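A short write-up of the structure that comes next.
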There are 2 protein chains.
Amino acid sequence: MGETGTAPVRESGSPFDVFSRQCPSRVTLEHVTGRWGSLTLGALYESGARFNELRRRVDGVSEKMLSQTLHALERDGLVHRDARLTNPPRVDYALTPLGREVASRLMGLIQLVEGRMPEVVEARDRYDAAHRT
Amino acid sequence: MGETGTAPVRESGSPFDVFSRQCPSRVTLEHVTGRWGSLTLGALYESGARFNELRRRVDGVSEKMLSQTLHALERDGLVHRDARLTNPPRVDYALTPLGREVASRLMGLIQLVEGRMPEVVEARDRYDAAHRT
DNA sequence: CGGCATCCGGACTGATACTG
DNA sequence: CAGTATCAGTCCGGATGCCG
């Protein structure tokens, strides 16, 4: 390959470098960080819950999106689904140990963003003021 | 209000609860965790860079999306843009102190996901095997 | 080099309706 | 309660072309 210093190796030597296209880890990262994925993991970090309880925690999510999100997270091994075929049916969702680790880091990020929102809002105002013609 | 334990207060008492619809922090969180936002912050965490250098680091991003992403992050005060009106033009992007904090947590998440991909892949195989009719 | 404006197909989203 | 199915609307995102 080019020896002109183009090497994009980054610090990674990982076989699962998210920065590369077509790497399976990028898909998982998108499940985790996606619009509803992050909020769903955050909601479950609090405690396990049933479907409609989760819907209430994640304000604004539709049935379809929540269902879809939970399936993706379950498939990735981050969420455990426990279904009782009783009447009425009861399905409990909870984080797996791996899911808990991921959610923990995610919560760290979420809380940082929440806590620094005043700075963000201020930055936005400055930006908007500067970019008005 | 209801004293039946419905209080959805969560651990948050924050005025910027991402779990609530219409909260500005949710928008910022989406910029940060979005498909290209997370990878862009990750790329900049390594070091500041020029536009096309960033394009190379974030494999697969289009010019348009990178530009759009950088604007959003700049507006949120996470990225600093330094433009020299020379010829040829030169524009350097770098993280702000706040951006660096956010990117740091993000990298923690990214590295966790990358490192645990074997488990994820395994979980997927199990899921797919169990859900084939 | 570092962008922005436009176009356009397809992916994604969200009501609604229906099932077990 | 816990979903799936369907369908219409939105918007994402890439390609192209032009400008400073």
Side-chain angles (χ1 to χ4, degrees), chain A residues 4-6 21-22 26-40 43-44 48-75 79-94 127-128 130-133, chain B residues 6 21-22 26-27 29-40 43-44 48-75 79-94 127 130-133:
Chain A
T4 44
T6 56
R21 243 186 309 211
Q22 306 165 332
R26 189 180 278 193
V27 175
T28 298
L29 186 67
E30 276 163 25
H31 291 161
V32 170
T33 63
R35 184 168 183 202
W36 301 120
S38 57
L39 296 175
T40 301
L44 282 173
R50 300 173 62 177
F51 189 82
N52 281 317
E53 167 63 18
L54 279 177
R55 263 196 88 181
R56 263 169 265 125
R57 289 191 197 172
V58 181
D59 192 23
V61 70
S62 69
E63 258 176 52
K64 179 182 162 185
M65 283 303 103
L66 181 58
S67 174
Q68 192 172 302
T69 301
L70 285 168
H71 279 307
L73 295 175
E74 187 195 358
R75 190 168 103 98
V79 163
H80 176 71
R81 183 173 182 278
D82 180 22
R84 316 278 172 88
L85 296 165
T86 59
N87 193 333
R90 178 191 177 93
V91 182
D92 284 273
Y93 291 93
Y127 183 94
D128 291 343
H131 288 251
R132 302 203 62 216
T133 318
Chain B
T6 57
R21 243 187 307 211
Q22 307 164 331
R26 190 180 276 193
V27 175
L29 186 66
E30 277 164 23
H31 291 160
V32 170
T33 63
R35 185 171 182 197
W36 301 119
S38 58
L39 296 176
T40 301
L44 282 172
R50 299 174 62 176
F51 190 83
N52 282 317
E53 167 63 16
L54 280 177
R55 266 196 85 181
R56 262 170 266 127
R57 289 189 196 173
V58 182
D59 192 24
V61 70
S62 71
E63 195 181 270
K64 178 183 167 181
M65 285 303 105
L66 181 57
S67 175
Q68 191 172 302
T69 300
L70 285 168
H71 278 306
L73 294 176
E74 186 195 357
R75 191 169 101 97
V79 163
H80 175 71
R81 182 173 183 276
D82 180 22
R84 316 280 172 87
L85 297 164
T86 59
N87 193 335
R90 180 192 176 93
V91 183
D92 285 273
Y93 292 93
Y127 183 95
H131 288 252
R132 302 208 61 216
T133 320

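All chains are named by letter (A, B, ...) in the order of the sequence lines, taking the proteins before the strands, and each is independently numbered beginning at 1. Please read all numbers here as calculations on a predicted model, not as lab measurements.
Looking only at distances, a side-chain donor or acceptor of Asp59(A) sits under 3.5 Å from a matching main-chain atom of Arg21(B).
Here chain B contacts DNA chain D (any atom closer than 4.0 Å to a heavy atom, that is under 4.0 Å), and the contacts span dG13(D) to dG20(D) from 5' to 3'.
Here the CG atom belonging to Leu54(A) is positioned 6.0 Å from the CG atom belonging to Leu70(A), to the nearest 0.5 angstrom. Between atom CG of residue Leu66(A) and atom OG1 of residue Thr40(A) there is a gap of 5.5 Å, rounded to the nearest 0.5 Å.
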Derivation and outcome, salt bridge (Lys or Arg N to Asp or Glu O under 4.0 Å), residues Arg84(A) and Asp92(A): CA-CA 8 Å; Arg84(A) 316 278 172 88; Asp92(A) 284 273; 5.0 Å; no

Asp128(A) and Arg75(B): CA distance, side-chain angles, deciding distance, side-chain contact (heavy atoms from CB on, under 4.5 Å) verdict: CA-CA 8 Å; Asp128(A) 291 343; Arg75(B) 191 169 101 97; 2.6 Å; yes

Trace of the side-chain contact (heavy atoms from CB on, under 4.5 Å) decision for Tyr127(A) with His71(B): CA-CA 10 Å; Tyr127(A) 183 94; His71(B) 278 306; 3.4 Å; yes

Footprint string (nucleotides 14-20 of chain C, 5' to 3'): B base within contact, S backbone only, - free, heavy atoms under 4.0 Å: BB----B

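The separation between His131(A) atom NE2 and dC4(C) atom C1' is 14 Å, rounded to whole Å. Taking atom CZ of Arg55(B) as the reference point, atom P of dG2(C) lies 11 Å away to the nearest angstrom.
Residues Tyr93(A) and Glu74(A) are not in side-chain contact: their nearest non-hydrogen atoms beyond the backbone lie 4.5 Å or more apart.
One finds no side-chain N or O of Ser67(B) lying less than 4.0 angstrom from the OP1 or OP2 phosphate oxygen of dG2(C). A close approach under 4.0 Å does not occur between any side-chain nitrogen or oxygen of Asn87(B) and OP1 or OP2 of dC1(C). Between His71(B) and dG3(C) there is no side-chain polar atom (N or O) within less than 4.0 angstrom of OP1 or OP2.
Arg81(B) comes within 4.0 angstrom of the backbone, heavy atoms only, and of no base.
Only one option out of Arg57(A), Arg55(A), Arg50(A) pairs with Glu53(A) in a side chain to side chain donor-acceptor pair (under 3.5 Å); it is Arg57(A).
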